[in-house]
Colleague: 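Let me begin by handing over the structure; questions about it come next.
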There are 2 protein chains.
Amino acid sequence: MRFVYSPLHLGHDIRTQTILGVQVAANEVAERAETIRSTLLADRGFEAVVPATHGPEPITAVHDPGLLRFLEEAWDEAVRQGHPYDFLAPETITNAAATEGMPASARREATKIDGRAGYWALDTSTYILEGTYAAARAAVDVALTTVDLVLGGERAAYGLCRPPGHHAARGMYGGFCYFNNAAIAAEAVARATGEHVSILDVDFHHGNGTEQIFWRRGDVLYVSLHAHPDRQYPYLLGWEDEGGEGDGAGANLNIPLPAGTDDEAYLAALDRGLARIADEPGDVVVVSLGFDTYGKDPIGDFALTTPVYHECGRRTAALGKRLVILQEGGYHVGDLGENARAWLRGAEGRRYQRSRAG
Amino acid sequence: MRFVYSPLHLGHDIRTQTILGVQVAANEVAERAETIRSTLLADRGFEAVVPATHGPEPITAVHDPGLLRFLEEAWDEAVRQGHPYDFLAPETITNAAATEGMPASARREATKIDGRAGYWALDTSTYILEGTYAAARAAVDVALTTVDLVLGGERAAYGLCRPPGHHAARGMYGGFCYFNNAAIAAEAVARATGEHVSILDVDFHHGNGTEQIFWRRGDVLYVSLHAHPDRQYPYLLGWEDEGGEGDGAGANLNIPLPAGTDDEAYLAALDRGLARIADEPGDVVVVSLGFDTYGKDPIGDFALTTPVYHECGRRTAALGKRLVILQEGGYHVGDLGENARAWLRGAEGRRYQRSRAG
C-alpha cells in the first residue's frame with residue numbers, strides 16, 4: 001500500500017498540553033507519526049509518497065475562511081504582540097452560553113491574540129506553535145494526496161496525517177486538531193465523483209467536528225464508533241440519538257461504547273457500522289483511523305489488542321469500496337506503528353505477523 | 001457606612017489559576033477581601049454587618065437553574081468521580097462554534113465532571129474548590145443583605161462580595177465569578193420596588209454576564225466603563241455599539257477605554273456614564289465596584305490613583321440616588337483596602353485621607 005507522509009509535521013513539536021487546568025506532558029507528539037512511518041517502511045509492502053501541494057480551496061469548502069486566516073496568522077501575530085510563551089493557548093473560550101439570547105454578531109473576534117484564539121478554540125490543550133500552521137496545512141495535503149491516489153485508481157491508500165483532524169469543526173479548532181483532514185477529504189471526493197461518500201470514524205473519541213460539518217448533508221454519511229461522550233472527551237457531541245437534520249437526517253450514525261470494550265464487542269459494533277455503510281451508495285469510504293482504542297493507550301479506556309486491528313482492516317476492506325485511510329489519534333507510541341501496520345495489512349487482505357523489532 | 005461581610009469566602013481559598021494554558025499564582029485571593037475588611041474596620045466610619053441567608057430564588061431569577069445545580073454538586077461529584085486535583089477546571093469548553101448550525105439541544109451536559117464543567121464554564125482559570133459553592137452563595141447573601149439595608153432606608157451600603165460576579169452569565173460561570181451578585185441584586189431591587197434600576201460597572205473588565213442577563217430588559221440599565229475588550233478580557237463582549245435589543249434597546253451603555261487611561265480621562269468617561277444614569281428613572285443604583293483600574297494593578301493597564309477613587313465615589317453619590325455598592329475585582333492587595341475606603345468615603349460625602357498604616 002502507498003502511504004503519504006510529510007516531514008512538516010515535525011515543526012509542530014508539541015511537548016506539553018494543558019488538561020484540567022494543568023500543564024502536563026503532551027500526548028499528541030511528533031514521535032507518533034515517526035514510529036508509524038518507520039514501521040511501515042520496514043515492511044516491504046508499503047511505499048512512502050510525498051504529498052502534492054493543494055491550495056486553500058478544499059479547506060474553505062468545509063471550514064470558515066476566518067478559521068483558516070486565524071491559524072495562518074496566529075503565531076506571527078502572537079510574536080508581534082509579545083505573547084509570553086512559546087505556544088499560544090486561549091485565556092477564555094467563547095462558551096455558547098456567554099452570549100445566549102444575543103445576536104450571533106455579539107460574539108466578537110478580538111484583536112488581542114489570546115482573546116482571538118478563544119473565539120476559534122474549543123480547549124486550552126490544542127497549542128499553536130511556530131510550526132503548527134505549516135504542519136496542519138501539510139496534513140491536509142497528505143489527506144488530499146491520499147484522495148488523489150484512490151481516485152487515480154488505488155484500491156486503498158493511507159495518509160499519515162499529523163496533526164489529526166476530526167475534532168475540528170467548521171469554525172473551531174480543538175482536541176489536537178486544526179483542520180478536519182477527513183472532512184476535507186470526504187468533501188473533495190464528493191465534489192470529484194458526484195457520488196455519496198461514507199466516513200467511518202474508528203478513533204476512540206467522537207469526531208464532533210466531522211459530525212457538525214456534515215450534519216445537514218445527505219450525501220456524506222458519518223459513522224462513528226467511540227467512547228460514550230457522557231464520560232469521555234469531547235463531551236459535547238456523540239450521543240446515539242444524533243442522526244442529522246434536513247437533507248442529512250439519517251446520515252449520521254453514532255455508536256457510543258462503554259469503558260472496557262474488548263475485541264469481540266468492538267467487532268460487533270464495527271459490523272453494525274459497516275452494515276450501514278454497505279447500504280450507502282458511493283464507492284469511496286474515508287476512514288478516520290485512531291488507535292487510542294488500544295488497551296494500553298494512555299488516554300483511552302477500551303481494551304483492544306493489536307490482532308483485532310488486522311481484523312478491523314479486513315472487514316472494512318470487505319465492503320468492496322475504495323478506502324481513503326487517514327490517521328487520527330492513538331497515543332501508545334510504543335505499539336502505534338504495529339497497530340497501524342496490522343490495520344493496513346488487513347485492509348489489503350494481507351496476513352499480519354508482528355515484526356520482531358515491534 | 002455599613003458594610004456586609006461573610007467569612008465563608010475564606011473557604012474559596014484559591015492559590016493558583018490557569019491563564020493562557022499555564023498554572024500561575026492566583027490573583028483573586030482571599031487576602032483581597034480580608035484587607036478591605038480590616039482597612040474599613042480601622043476607620044470608625046464603617047460598621048460590619050453579618051449577611052442574612054437568602055434562598056435560591058433570587059439566584060434563579062437571573063441564572064439558569066442548571067448552573068445553580070451544577071455549582072452546588074460540582075465538588076462533591078468531582079470527589080466521587082476520583083477527580084485527580086484539589087480543584088476542578090474543565091478539559092474542554094463548549095465553544096459556540098462547536099455546534100453551530102445544530103439545534104441547541106445538541107450541546108449536551110455530560111455526566112463526567114470535567115466535561116460537565118466545560119458545559120457551564122467560560123475559561124480554565126475559574127476553579128471550583130471544596131469551599132467555592134458556599135463562598136459563592138455567601139457572596140450572593142452579602143449582595144442581597146446590602147440590598148436589604150438600602151431598601152430599608154440606608155442611603156448607601158457596601159457588600160464586600162467575594163468571589164466577584166459580573167462575568168457570570170445566565171448559564172455560565174467564568175472570570176473568577178460564579179453567581180452574578182450585581183445582577184441578582186439589581187433584579188431583587190427591581191422586583192421589590194417595581195422601579196427601574198441602574199447598574200454602574202466600574203471594574204476594569206467589562207461585565208459581560210450582567211450585559212447578557214439584562215440584554216433585552218428595559219427596566220435595568222447597564223452602564224460600564226472598562227478596558228476595551230478588543231485588547232483585554234473578557235474579549236467577547238463590551239464593544240461600544242452594544243446597546244441592547246427589544247425592550248432593552250438603549251438600556252446598555254458600554255464605554256470602552258484605552259490602555260493608560262488616567263484619572264482625568266477616567267473622570268470624563270465616568271461623567272458620561274453618570275449622565276446616562278441621571279436620565280434613567282428609579283431611585284437605586286447598583287455599583288459593580290472594581291479597583292483593577294488602579295495604576296499598580298497586576299492585571300489592569302489603566303493609571304488611576306487612590307485619590308480619584310474618592311472623587312469617583314463622590315460623583316456617583318452626587319446622582320442623589322441610593323447606592324447598593326458591591327465589590328468586584330481589584331488585585332493590588334497592598335492598596336486595595338485604601339482604594340475601597342477612599343471610594344466609599346467619597347460616596348458618603350466624607351473627606352478622605354490615606355491612613356498612615358495604609
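Quick note on labels: first sequence line is chain A, next is B, and so on, each numbered from 1.
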Colleague: Any ion pair linking A/Arg107 and B/Glu100 (charged N to carboxylate O, less than 4.0 Å)?
Modeller: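 No, B/Glu100 and A/Arg107 are not salt-bridged.
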Colleague: Out of the candidates A/Thr92, A/Thr18, A/Thr124, only one should pair with B/Thr124 under the side chain to side chain contact (heavy atoms under 4.5 Å, CB included) rule; please name it.
Modeller: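 Option passing the side chain to side chain contact (heavy atoms under 4.5 Å, CB included) with B/Thr124: A/Thr124.
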Colleague: With a 4.5 angstrom heavy-atom cut-off, could you sort out which part of B/Glu109 is near chain A: side chain, backbone, both or neither?
Modeller: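 Only the backbone of B/Glu109 comes within 4.5 Å of chain A.
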Colleague: Check whether any side-chain heavy atom of B/Lys112 lies under 4.5 Å from a side-chain heavy atom of A/Gln232, and answer yes or no.
Modeller: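 No. Closest side-chain heavy atoms not under 4.5 Å.
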Colleague: Looking at A/Arg231 and B/Asp114, is there a salt bridge between them, counting it only when a charged N and a carboxylate O are closer than 4.0 Å?
Modeller: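 So B/Asp114 does not pair with A/Arg231 through a salt bridge.
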Colleague: Side chain, backbone, both or neither: which part of A/Glu91 has a non-hydrogen atom closer than 4.5 Å to chain B?
Modeller: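 Contact with chain B is through both the backbone and side chain of A/Glu91.
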Colleague: Do A/Arg116 and B/Asp230 meet the salt-bridge criterion of a basic N to acidic O distance under 4.0 Å?
Modeller: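 A salt bridge is absent here (no side-chain N lies under 4.0 Å from a carboxylate O).
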Colleague: In Å, rounded to the nearest 0.5 Å, how long is the span from OH of B/Tyr235 to CD1 of A/Ile113?
Modeller: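 Here the rounded value is 10.0 Å.
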Colleague: Compare all side-chain heavy atoms of B/Pro90 with those of A/Leu20 and state whether any distance is below 4.5 angstrom.
Modeller: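 Not touching, per the 4.5 Å side-chain cut-off.
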Colleague: Side chain from CB out, backbone as N, CA, C, O: work out which of these in A/Tyr127 comes under 4.5 Å of a heavy atom of chain B, or both, or neither.
Modeller: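 Side chain only.
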Colleague: Below 4.5 Å from any heavy atom of chain A, which atoms of B/Arg216 appear? Answer side chain, backbone, both or neither.
Modeller: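 The side chain, not the backbone.
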Colleague: With a 4.5 Å limit on heavy-atom distance, are the side chains of B/Leu122 and A/Ile93 in contact?
Modeller: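 Counting from C-beta outward, B/Leu122 and A/Ile93 never come under 4.5 Å.
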Colleague: Can you check whether B/Asn95's main-chain N or O pairs, donor with acceptor, with A/Asn95's side chain at less than 3.5 Å?
Modeller: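 No; judged by distance alone, with no hydrogens or angles, the pair does not exist.
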Colleague: What part of A/Ala169 lies closer than 4.5 angstrom to a heavy atom of chain B: side chain, backbone, both or neither?
Modeller: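 A/Ala169 touches chain B through side-chain heavy atoms alone.
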Colleague: Where does B/Ala96 contact chain A at under 4.5 Å (heavy atoms): side chain, backbone, both or neither?
Modeller: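 The answer is both parts of B/Ala96.
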Colleague: Using non-hydrogen atoms only, which part of B/Phe87 is less than 4.5 Å away from chain A: side chain, backbone, both, or neither?
Modeller: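 Contact with chain A involves the side chain of B/Phe87 alone.
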Colleague: Could you tell me which of A/Pro229, A/Gly209, A/Pro103, A/Gly171 has the largest number of non-hydrogen atom pairs under 4.5 Å with chain B?
Modeller: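 Option with the greatest count: A/Pro103.
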Colleague: Side chain, backbone, both or neither: which part of A/Ala121 has a heavy atom under 4.5 Å from chain B?
Modeller: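 Contact with chain B involves the backbone of A/Ala121 alone.
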Colleague: OG1/A/Thr94 to CG/B/Asp123 distance, rounded to the nearest 0.5 angstrom?
Modeller: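 With rounding to 0.5 Å, OG1 (A/Thr94) is 11.0 Å from CG (B/Asp123).
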Colleague: Do the side chain of B/Gln212 and the main chain of A/Met102 share a donor and acceptor less than 3.5 angstrom apart?
Modeller: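 Between the backbone of A/Met102 and the side chain of B/Gln212 there is no qualifying donor-acceptor contact (under 3.5 Å).
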Colleague: Of all the heavy-atom pairs spanning A/Gly101 and B/Trp215, show the shortest one and how long it is.
Modeller: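 So the two residues come closest at O-CD1, 4.0 Å.
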Colleague: Less than 4.5 Å to any heavy atom of chain B: does that hold for the side chain of A/His83, its backbone, both, or neither?
Modeller: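 Just its side chain gets close to chain B.
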